[in-house]
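See below for the structure under consideration.
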Amino acid sequence: METESEPYVRLESLRQLHRVMAEMNTARSLADTLQTVADGVVDALGYALACVNLVRPDGDLVVAAFAGDQAAEALITGRVGSRASWERRLTMGERWGDLVFIPHTEGWVLDDDDVPQWYTDGPEPRFADEWHPSDRLFAPMYAPGPQGGGTSGKLVGVLSVDRPRNGRHPGAWGREALQMYAFQAAIAISNAHLRSNMQRALVRLERDQQALRASEESFRQAFEYAPSGMAIAEMGGDQHGRILRTNDALCRLLGRPASAMRRYAFSDLVHPEDIGTLLRTSAEGGRAELRLGRRDGTYVWVSLRNSVVADAADGPRFLLTHVEDIEERKRRELQLAHRASHDSLTGLPNSAELRARLSARLCRRPGSPHASVADMLDAAYTRPGRRAEDQDLGYREDPGPYAPYDHHVHVVAPEGDDGAKGLAVLFCDLDGFKSINDRFGHNAGDAVLIEVARRLGCGVRDGDTVARLGGDEFVILADGLGQADAEDLAVRLRSEIIQPIRAEGRAVRVGASFGIGWAHCGMTADEVLKSADERMYVEKRSRPKQHRRAG
């Protein structure tokens with residue numbers, strides 16, 4: 001997370017954060033999970049050093065994993081800090097949500113406590129948010145509470161992070177990302193403990209019948225009182241997948257009594273769009289993220305993990321399914337994805353999202369200057385007579401000697417008044433906007449941009465795209481329009497924009513210049529936008545300056 005220029009967070013950074021979170025839940029042991037947690041802070045969150053302090057059974061915290069510096073790792077790994085010292089640290093400094101930040105101006109009082117540390121002295125910061133070597137940032141990790149979701153339970157451990165790679169205190173997005181990461185790390189560590197306990201129980205179950213009877217109560221307790229949902233289902237035969245037993249956590253999650261759950265298999269409860277995901281999940285050790293139906297008709301995102309349990313030596317085998325509620329994580333992922341693809345001021349799709357949507361409608365002609373080697377190789381795979389299931393999925397503009405793909409409708413620009421319809425790209429630039437910023441301030445300018453965005457959104461059809469390209473420039477993608485339709489749309493939108501706008505207690509007016517470009521397959525998204533932009537400037541220059549604001 002080296003780039004924290006908000007709201008423009010790189011999509012690759014979000015993918016990397018999502019990847020390390022997924023890796024935390026795939027680690028096989030507690031030790032692997034702890035090291036994965038530490039490595040993820042360094043790899044995805046942009047810190048040079050990370051330390052996982054794990055709560056021991058006696059309450060003290062031990063340095064269980066370290067990432068970023070081998071010398072520091074050798075120095076403090078395995079050392080223990082008392083619970084009292086840690087509680088003192090977590091009640092000091094500044095609260096950044098669930099995070100605790102202790103600046104170097106206050107941290108000196110902690111130099112003599114027994115918490116292992118690697119901090120060093122350094123020069124005074126040159127600017128307000130510069131990171132000092134003796135600054136301390138902690139992310140407490142709490143196990144999910146009894147109600148699940150975001151309710152905090154007991155302390156599992158504390159993440160200590162140091163030396164952001166950009167040399168600055170994390171911003172609002174960076175803090176939220178670290179807080180969310182600590183939340184998921186706590187779940188992963190709790191699940192690692194649970195998996196470890198369950199694996200030990202399963203080993204005892206498989207040894208012999210006497211061990212099976214002795215461990216039955218232990219297994220029942222772990223099953224019934226597990227904080228996450230658990231289910232046992234039949235494996236093999238005509239009733240494969242039918243649920244035999246569920247714990248209270250799963251019943252509460254789905255709002256269904258245990259007696260009703262026994263009438264279903266997971267395939268009966270899964271969202272129709274996730275059936276394929278369930279079927280692709282391996283029965284033995286498989287894992288999937290999908291939606292399960294609640295009794296009230298709504299769906300909840302869960303993570304399913306399967307294990308095989310033998311009832312006795314060479315006896316029937318059953319599926320033990322661990323069901324973890326990941327609704328909160330999915331919601332946060334959607335929020336992060338939305339921030340990366342939408343403008344924070346107007347809520348419209350941003351420049352990157354606009355180009356992605358436009359590119360998705362265009363295909364490149366094999367052999368054109370814009371076609372890649374892969375495009376031309378794919379074209380060779382579309383010869384007539386080749387089975388559809390053997391062909392790669394792709395888009396082609398001109399079939400030539402090759403068969404076109406039925407699922408792609410090629411984008412063609414209308415020519416003159418031939419009645420053809422195409423994908424219109426309207427480039428909108430506001431007239432007189434700079435004077436509003438200069439005279440009344442940026443708050444008034446922001447209010448104008450927000451209102452213009454609202455009016456543009458109300459003036460187009462469902463399915464059309466209104467995006468903010470940057471500054472006072474907007475772009476509208478409207479499919480299925482002819483030349484006259486696009487011109488009428490531009491006139492209507494201009495008429496809406498020139499109406500007075502209330503900003504900072506006064507009525508102001510702006511005009512708008514529109515350029516209409518047409519997308520067609522063989523063009524790139526940038527070429528389409530450049531064409532519309534050039535036509536907008538032609539339109540702007542063709543109107544007298546004093547009439548531009550009035551449209």
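Within a 6.0 Å sphere centred on CZ of Arg295, heavy atoms belonging to other residues, nucleotides or ligands number 12 at most.
Taking CH2 of Trp173 as the reference point, atom CE of Met180 lies at 7.0 Å (rounded to 0.5 Å). Going from atom OG1 of Thr321 over to atom CG of Leu250 covers 9.5 Å, rounded to the nearest 0.5 Å.
Side-chain contact, Thr465 with Arg357: a donor N or O sits under 3.5 Å from an acceptor N or O. Side-chain contact, Thr277 with Asp274: no donor N or O sits under 3.5 Å from an acceptor N or O. For the residue pair Arg355/Ser351, the side-chain donor-acceptor check at 3.5 Å is satisfied.
Under the side-chain contact (heavy atoms from CB on, under 4.5 Å) criterion, Gln184 pairs with Met21, Met24, Ile187, Arg329, sequence neighbours left out.
For the pair Arg175 and Phe101, the cation-pi test (distance below 6.0 Å, angle within 45°) is failed.
Although no hydrogens or angles enter the test, the distance criterion places no donor-acceptor pair under 3.5 Å between the side chain of Arg455 and the main chain of Leu493. Counting only distance, with no hydrogens or angles, the side chain of Asp98 and the backbone of Gln179 share no donor-acceptor pair below 3.5 Å.
Residue pairs meeting the salt bridge (charged side-chain N to carboxylate O under 4.0 Å, His left out) criterion with at least one partner in residues 225-235, sequence neighbours excluded, are Glu234-Arg242.
Screening Asp296, Thr246, Val300, Val323 for a side chain to side chain contact (heavy atoms under 4.5 Å, CB included) involving Leu254 leaves a single residue, Val300. Partner of Asp479 under the side-chain hydrogen bond (donor to acceptor under 3.5 Å, both in side chains) criterion, chosen from Lys421, Arg461, Arg361: Arg361.
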* **Worked check of side chain to side chain contact (heavy atoms under 4.5 Å, CB included) between Ile189 and Leu30** => CA-CA 7 Å; Ile189 293 171; Leu30 177 59; 4.1 Å; yes
Donor-acceptor pairs are to be reported for all side-chain atoms of residues 51-67 against protein atoms at under 3.5 Å, with residues two or more places apart or in another chain.
residue	atom	partner	partner atom	Å
Asn53	ND2	Val158	O	3.2
Asn53	ND2	Ser160	OG	3.1
Arg56	NE	Asp58	OD1	3.4
Arg56	NH2	Asp58	OD2	2.6
Asp58	OD1	Asp60	N	3.0
Asp60	OD1	Arg83	N	2.9

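Salt bridge Lys330/Glu327: absent, no basic N to carboxylate O contact under 4.0 Å. Ion pairing of Glu324 with Arg305 is absent here, as no side-chain N (NZ or NE/NH1/NH2) approaches a carboxylate O to less than 4.0 Å.
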